[in-house]
Amino acid sequence: MREAIILAGGLGTRLRSEVPNVPKPMAPIRDRPFLEYLLDYWIKCGVESFILSVGYMSEKIKLHFGNNYKGAKISYSYESEPLGTGGGLLLALQKTKEQNVLVLNGDTLFKVPLIDFLKFHKKQNSIMSISLFQFREKERFGAIRLDQNNYVTSMNPKSSDLSGDANGGVYLIRVKSFIDIFKNIINKKISLEEDLIKTLVDSNYDISGKLYKKTFIDIGTPKDFRISSDII
């Protein structure tokens with residue numbers, strides 16, 4: 001696995017009160033942009049090339065990283081208008097050269113062991129595999145249900161349970177199959193979870209999920225951002 005897409009184009013409105021002058025993935029944690037921590041981990045896992053899906057304040061990301069970071073190639077997929085996480089992903093997928101590509105949320109860090117996750121993805125022969133973590137906050141995360149063979153059977157936007165398995169924001173995608181399914185909505189504003197993944201699950205495509213007991217770091221809200229420096 002040599003290539004990854006990072007979804008870094010969101011407006012970050014919930015975090016604007018804490019970080020008003022930079023896009024959310026550039027929020028400073030211990031005087032370093034959060035995106036550096038993300039890149040550091042995945043470079044260590046063997047990723048050699050990153051496509052950054054950018055939109056809001058994209059110039060600040062490109063000015064900081066340019067076309068290379070610690071030996072890894074950096075390229076950009078630009079949204080001329082906000083497309084949401086799903087629209088941004090479909091646009092960025094046009095640039096990938098891999099049969100399977102790693103996809104990462106730009107505001108979360110979930111240290112999934114890449115070799116193990118890739119082996120799982122290929123064994124399952126899924127269009128998409130989703131990393132999962134255990135949550136214990138009622139109505140904070142959406143619960144994902146799996147069958148006995150680790151295929152996703154349902155996704156709930158918000159869980160009424162006190163615990164469950166939630167989307168960890170690390171995905172593996174079979175590129176050609178994914179693009180073929182959604183080719184008619186490229187350049188549309190859509191959500192990755194609520195539109196693309198839900199469509200795949202509701203249409204009975206093979207989507208797999210694997211639980212990892214790793215720390216899940218999310219900087220998407222002011223509360224989570226403030227505590228992230230203690231756990232990153």
Side-chain angles (χ1 to χ4, degrees), residues 4-10 14 24 53 82-93 100-112 114 116-118 120-175 177-186 188-221 224:
I5 293 170
I6 300 182
L7 304 175
R14 291 181 300 171
K24 184 166 53 172
S53 172
L83 293 176
T85 49
L89 172 60
L90 289 175
L91 197 63
L93 284 172
N100 292 283
V101 69
L102 178 68
V103 176
L104 309 166
N105 286 345
D107 59 356
T108 61
L109 176 56
F110 190 34
K111 294 183 177 180
V112 170
L114 182 54
D116 179 81
F117 192 36
L118 183 59
F120 168 79
H121 175 65
K122 289 181 176 179
K123 179 183 177 183
Q124 294 289 108
N125 194 31
S126 296
I127 291 173
M128 180 182 220
S129 295
I130 304 172
S131 65
L132 306 176
F133 71 96
Q134 291 182 325
F135 69 88
R136 293 180 176 82
E137 292 181 69
K138 184 177 180 180
E139 296 181 350
R140 168 70 194 279
F141 299 104
I144 293 178
R145 311 294 183 192
L146 304 177
D147 66 16
Q148 61 184 4
N149 296 312
N150 295 311
Y151 292 105
V152 177
T153 57
S154 67
M155 294 180 63
N156 299 317
K158 297 293 181 183
S159 175
S160 59
D161 299 330
L162 290 173
S163 64
D165 298 339
N167 184 348
V170 177
Y171 313 90
L172 284 167
I173 289 176
R174 198 164 74 223
V175 176
S177 299
F178 200 89
I179 290 175
D180 285 347
I181 293 167
F182 296 112
K183 60 187 176 183
N184 292 328
I185 54 173
I186 292 172
K188 302 291 186 181
K189 184 177 181 179
I190 44 179
S191 163
L192 172 54
E193 287 193 74
E194 296 174 15
D195 294 315
L196 300 188
I197 298 178
K198 186 176 186 302
T199 294
L200 293 173
V201 174
D202 291 348
S203 301
N204 295 315
Y205 286 102
D206 285 342
I207 310 298
S208 297
K210 185 167 185 181
L211 179 68
Y212 288 99
K213 295 184 178 181
K214 303 289 184 181
T215 301
F216 177 76
I217 300 171
D218 182 354
I219 65 162
T221 67
D224 290 331

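- Looking at residues two or more places apart in sequence or on another chain, you find a side-chain hydrogen bond (donor to acceptor under 3.5 Å, both in side chains) between Ser126 and Ser208.
- Inter-residue side-chain proximity for Leu114 and Val170 is flagged as unmet; no heavy-atom pair is nearer than 4.5 Å.
- Note on ring orientation: taking the six-membered ring where Trp is involved, the planes of Phe216 and Phe110 are perpendicular (angle over 60°, cut-offs 30° and 60°).
- Here Ile219 contributes atom CD1 and Lys24 contributes atom NZ; the two are 7.0 Å apart, rounded to the nearest 0.5 Å.
- Taking CG of Leu83 as the start and NZ of Lys189 as the end, the distance is 8.5 Å to the nearest 0.5 Å.
- Considering CG of Asp116 and NE2 of His121, their distance stands at 13.5 Å, rounded to 0.5 Å.
- With values rounded to the nearest 0.5 angstrom, Tyr171 atom OH is found 9.5 Å from Phe117 atom CZ.
- Phe182 is listed as a side-chain neighbour of Thr199, based on a closest heavy-atom distance under 4.5 Å.
- Taking the charged nitrogens against the carboxylate oxygens, Lys188 and Asp195 have no contact shorter than 4.0 Å, which rules out a salt bridge.
- Contact of the Leu146 side chain with the Val152 side chain is registered, since non-hydrogen atoms from C-beta on lie closer than 4.5 Å.
- Using a 4.5 Å heavy-atom threshold, the side chains of Gln134 and Asp165 count as touching.
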Subject >> Test log, rule side-chain contact (heavy atoms from CB on, under 4.5 Å), inputs Met128 and Leu172 >> reply: CA-CA 6 Å; Met128 180 182 220; Leu172 284 167; over 6 Å; no

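- The side chain to side chain contact (heavy atoms under 4.5 Å, CB included) test with Leu7 singles out one residue from Asp107, Leu104, Thr108, Leu192, and that residue is Leu192.
- When side chains are defined from C-beta on, Ile130 counts as touching Ile197, because their heavy atoms get closer than 4.5 Å.
- Taking CD1 of Ile186 as the start and CG of Leu89 as the end, the distance is 10.0 Å to the nearest 0.5 Å.
- Looking at Phe178 and Leu90, their side chains come closer than 4.5 Å, going by heavy atoms from C-beta outward.
- Remark: Asn149 pairs with no residue by the side-chain hydrogen bond (donor to acceptor under 3.5 Å, both in side chains) rule, at least two apart or across chains.
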